[in-house]
Amino acid sequence: MTASFSNLSLAEPLSRAVAEMGYESMTPIQAQAIPVVLTGKDVMGAAQTGTGKTAAFSLPLLQRLLKHENASTSPARHPVRALVLLPTRELADQVAQQVKLYAKYTNLRSAVVFGGMDMKPQTLELKRGVEVLVATPGRLLDHIEAKNAVLNQVEYVVLDEADRMLDIGFLPDLQRILSYLPKQRTTLLFSATFSPEIKRLASSYLNDPVTIEVARPNETASTVEQHFYSVNDDDKRRALRQIVRQRGLNQAFVFVNSKLGAARLARSLEREGMKTTALHGDKSQDERLKALEAFKKGEVDLLVATDVAARGLDIKDVPAVFNFDVPFNAEDYVHRVGRTGRAGASGLAVTFVSNSDGRLVADLEKLLKKKIELEAIEYEEDKPRGRINDGRRAWREAGELGDPRDVLDAPPPERERPARPQREFRSPAVSRDPFFDQPYQPPAADAAPAWESSTRAATSKISANIKPKRKVAALFKPEQA
DNA sequence: AAAAAAC
């Protein structure tokens, strides 16, 4: 028996919006979380991604904002009463759009603030007053410090992707934000993954919380078919092409571990004739939103992304996810794979495991609590001819590609490398900064103006910094493999 | 071995 939204007795404006969106029965996380959030208690919620988490917290939150008058006598008619924090800009954007839809027929106002966009329009919206504020941490702090956002009347805080928000990279910002909020408030934490440490840390932010676990945490959807292939780093691209062709995939996410890697891979796939775009944090926000939009519209087939896109992004009907690189954090595997097989659809997740990934695969087995079977690929294409320019690559190619976990404790074989040429250390006789450290010399009457020579000095300084690097790289290139 | 979040 599935619970339905109509049994919830949501306020009329909310049920009207829900009906208009075509929602009828609730997903398990919604059925469990909504009644609890309606009581105003703290919640720690673990639910698989793609199961309607956003509605699970925003609908009851809006309901409470409607039902309970703001107790304070603030002059601001629309103080921020609910704050929703997310770890990426795209996610903040997406959640804010959903909240807007749910709140469409209410008088409640909402806004979203995140970095990479002009501060001014955001400031205007904040000054006008919003009850629900969706934000990424950095930009929110900017607005707090500029006194654009006043958070001393916040009644509800939601940390979506809570384990990421509590990890070391975000924690300082998060703590500063929380320090601006009233102690007396409701805190809601949601994520698909919770490591034991994060769980402990999280509970220190919660007051007598209700724990909701709809599925076992750290679990991928059962509708996703998962494969792990042993692939040489040099064969990954043709493996990708082959699987896309064999499976007749019309679209896929391709995850890599670095921004540079994403840019490079996207470029080479594009050159090989696949409609590809990249999404990573070195792109401008405009480019990021455009890349995502193009993928959503089906204008590109492959979205090569860093983990900026690993979490929460809700794109319908993505048939497959490739882990071109095994993710550094096992948790991120669960999130990446969660981009496919959403809302009960089927999906395919393919992970390329290269020889140096033994540790990561072992971590993954621990998190997923299951043995990972590595499969081999039979290539249909010939191997592209490539230069051997690296001793380690030669070693990889010489040996058979076995299970990388077998060499977990074995160091890679010693390889001969030319002795590093000792570079003389010369202590500078004079400091190289022309302005500050040199005794002043009156310029000759016909000398170039000072700014020109300092520009030259700066330029030569820069090239001095670049050139040796190139030389060193050339020196290390082995004569032959 | 990295990414994300502020200019």
From dA3(B), dA5(B), dA1(B), nucleotide with atom closest to Arg89(A) side chain
dA5(B)
Mind checking if Gly261(A) touches a base, just sugar-phosphate, or nothing, with heavy atoms under 4.0 Å?
nothing
If I take atom CG in residue Leu174(A) and atom P in nucleotide dA6(B), what distance separates them, rounded to the nearest angstrom?
13 Å
Return the value, rounded to whole Å, for the distance between atom NZ of Lys120(A) and atom C1' of dA6(B).
17 Å
Send over the distance from Glu331(A) CD to dA4(B) P, rounded to a whole Å.
18 Å
Should Asp314(A) and Arg339(A) count as an ion pair when the cut-off is N to O under 4.0 Å?
no
Non-hydrogen atoms of Glu365(A) and Ile372(A) that approach each other most closely:
OE2-N, 2.7 Å
Arg238(A) with Asp235(A): basic N within carboxylate O range, under 4.0 Å:
yes
Starting from P on dA2(B), measure out to NE2 on His280(A) and report it in whole angstrom.
15 Å
Do Thr186(A) and Asp42(A) have side-chain N/O donor and acceptor atoms under 3.5 Å apart?
no
Whole-Å distance between dA4(B) C1' and Leu141(A) CG?
15 Å
Do the side-chain N or O atoms of Thr306(A) get closer than 4.0 angstrom to the phosphate oxygens (OP1, OP2) of dA4(B)?
yes
Does Ser258(A) have a side-chain nitrogen or oxygen under 4.0 Å from the phosphate oxygens OP1 or OP2 of dA1(B)?
no
Can you tell me if His227(A) and Glu225(A) form a side-chain donor-acceptor pair at under 3.5 Å?
yes
Rounded off to whole Å, could you give me the CD-to-P distance for the Gln175(A) and dA5(B) pair?
20 Å
Please classify the nucleic acid contact of Asp332(A) as base, sugar-phosphate, or nothing, using heavy-atom distances under 4.0 Å.
nothing
What's the CZ-P distance between Arg336(A) and dA4(B), to the nearest Å?
11 Å
Short of 4.0 Å, heavy atom to strand atom, which residues of residues 164-173 of chain A count as contacting DNA chain B?
Gly169(A), Phe170(A)
For the pair made of CG in Leu159(A) and P in dA4(B), what is the distance, rounded to whole Å?
20 Å
Does Arg81(A) count as lying over the ring of Tyr156(A), i.e. NZ or CZ under 6.0 Å from the six-ring centre, within 45 degrees of the axis?
no
Provide the closest heavy-atom pair for Leu364(A) versus Phe228(A) in the form atom of the first, atom of the second, distance.
CD2-CE2, 3.7 Å
